[in-house]
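We use all heavy atoms of the structure for the numbers below, so side chains are in, but hydrogens, waters and symmetry mates are not. In the text below, chain A, chain B and the rest are named by the order of the sequence lines, each starting its count at 1.
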Protein chains: 2
Amino acid sequence: MDVRTLCLGALMGGEATGYEIRKMFEDGTFSHFQIASLGSIYPALTKLTQDGLVTFVEHEQENRPDKKVYQLTSEGRRTFLRTLLQTRPAEDRYRSDILFMLTFAEEMPIELTEALIDEFAARHELMNQQIDPENEDKPGVIATYGRDDDGAPRPGCCFVAGLGQAMCEATLKFIRENKQGLLDDLRKFKSRKD
Amino acid sequence: MDVRTLCLGALMGGEATGYEIRKMFEDGTFSHFQIASLGSIYPALTKLTQDGLVTFVEHEQENRPDKKVYQLTSEGRRTFLRTLLQTRPAEDRYRSDILFMLTFAEEMPIELTEALIDEFAARHELMNQQIDPENEDKPGVIATYGRDDDGAPRPGCCFVAGLGQAMCEATLKFIRENKQGLLDDLRKFKSRKD
DNA sequence: CCGACATATATCGAACTGATATAGCGATTT
DNA sequence: AAATCGCTATATCAGTTCGATATATGTCGG
């Protein structure tokens, strides 16, 4: 699924600027299962405009760079829905430097191992809070999508958010239950080697 | 963490060909939390050879292309361990087309939603089996790393594998408990719109 | 007997990331 | 009071990586 399609999806929730779209992937609705950087979003929006799938209105702002507020055209909407029906989803891919590094726990000082695990836990704690669709401390605009006209979150988004939280909680639970055991094993492992 | 570093890590478990390294990321030890394709592995090995961090021996094979069996040099080993100590691990990133698509469940036929969820579950079921370090139906060479000389899996690998399994199981559990509810909600949602 | 799949290396275009540039405002730090 | 940092906002670009393709051949199932 390329960035162009991701942008169309982001705009399904209403109009947005390139900057706001990035926030949906950085902090917002899609943050825990898709990524897109500004360096790919802006060219994608330009291309989509050329292809007539989105349009934009330029809002001049005082003492600020102009805002380009993008919106789906009806053809853009149709194209996205067609893509949804026709695309075979690619494999999921999870990339974690921390887990890769922890694979080599035997080769590093125990303090580092513990720090890495704590960092991993902290990140998941944060993510768990960010996912929560009820958590409204984030500015309204960001979480626009996923909500109905009456403000109720939509079933699909709830399901995906719930799944994300279940994964976070399972991770945190596993760490609570196994961190100490790993550190003990590592100490044993190291003393055995001497 | 670039592919060069990943290759050094893969070779920490002993000698391997480029093809075997890819399998570690495709099917093997690292498959559920790191990815690297052949198109990046081969150039990385070439570069590492130039830099003196790995060496290779060419094994001629009858009726097969030559095998280049790579091995860490002592400097390669030192470099990798230094990287381990000095690197601030990058953010974890999880990328899932299926979850992205499910976000738009309201916009597609219920059968597709169900098919996507089932596909998601099936992939996690498979992954759960692949992770298991005790699962020995896969050829021995692949799972070389993560095992001690006496064949016992090492604590770091066990921890990471256990974490992966916990995540898989949480995912499967969530789907078991919430799939039907989502499909019901979607039906309600759709009938309300008429 | 043919197609599919596995072993094995190599290359290359297309896509994407991450950093940087520009520019002004507000908040916090020194 | 000055300096630094982070936020909004767009844009570009070098370097990295992916995914597809090429090459060559053996094995296995239908």
Cation-pi check, A:Arg22 onto A:Phe25 ring (under 6.0 Å, within 45° of axis)
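The answer is no, since A:Arg22 fails at least one limit relative to A:Phe25.
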I want to check one thing: is the phosphate of [N], taken as OP1 and OP2, less than 4.0 Å away from some side-chain N or O of [X]?
X: B:Tyr19; N: C:dT7; value: yes
X: A:Thr17; N: D:dT10; value: yes
X: B:Lys23; N: C:dA8; value: no
X: B:Tyr42; N: C:dT9; value: yes

Under-3.5 Å N/O pairs linking protein and nucleotides 12-16 of chain C:
from	atom 1	to	atom 2	distance (Å)
C:dC16	OP1	A:Val3	N	3.2

Nearest heavy-atom neighbours spanning [X] and [Y]:
X: B:Ala170; Y: A:Ala166; answer: CB-O, 3.9 Å
X: B:Ile131; Y: B:Cys168; answer: CD1-SG, 4.3 Å
X: A:Leu6; Y: A:Ile35; answer: CD1-O, 4.0 Å

For B:Ala90 and for B:Val69, locate the closest nucleotide of DNA chain C by heavy-atom distance; then report the residue assigned to the nucleotide nearer the 5' terminus.
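Per heavy-atom nearest nucleotide, the more 5' residue is B:Val69.
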5' priority, DNA chain C, between B:Thr46 and B:Arg93 [closest heavy atom]:
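Checking each residue's closest nucleotide, the 5'-ward one belongs to B:Thr46.
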What integer distance in Å separates [X]:[atom1] from [N]:[atom2]?
X: B:Ile21; N: C:dT7; atom1: CD1; atom2: P; result: 15 Å
X: B:Leu45; N: C:dT9; atom1: CG; atom2: P; result: 9 Å
X: B:Ile41; N: D:dT17; atom1: CD1; atom2: P; result: 11 Å
X: A:Leu38; N: C:dA21; atom1: CG; atom2: P; result: 16 Å
X: B:Asp27; N: C:dT7; atom1: CG; atom2: C1'; result: 13 Å
X: A:Arg22; N: C:dG18; atom1: CZ; atom2: C1'; result: 12 Å
X: A:Lys67; N: C:dG24; atom1: NZ; atom2: C1'; result: 15 Å
X: A:Lys68; N: D:dA11; atom1: NZ; atom2: C1'; result: 9 Å

Aromatic ring proximity B:Tyr94/A:Phe33, centre distance under 6.0 Å
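Ring-ring flag for B:Tyr94/A:Phe33: false, centres at least 6.0 Å apart.
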Can a donor-acceptor pair be found, under 3.5 Å and without considering hydrogens, that links the side chain of B:Gln165 to the backbone of B:Asn128?
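Flag set: sc B:Gln165 to bb B:Asn128 pair under 3.5 Å.
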For the side chain of B:Ser40 and the backbone of B:Ala36, is there at least one donor-acceptor N/O pair under 3.5 Å apart?
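Judged by distance alone, no pair lies under 3.5 Å.
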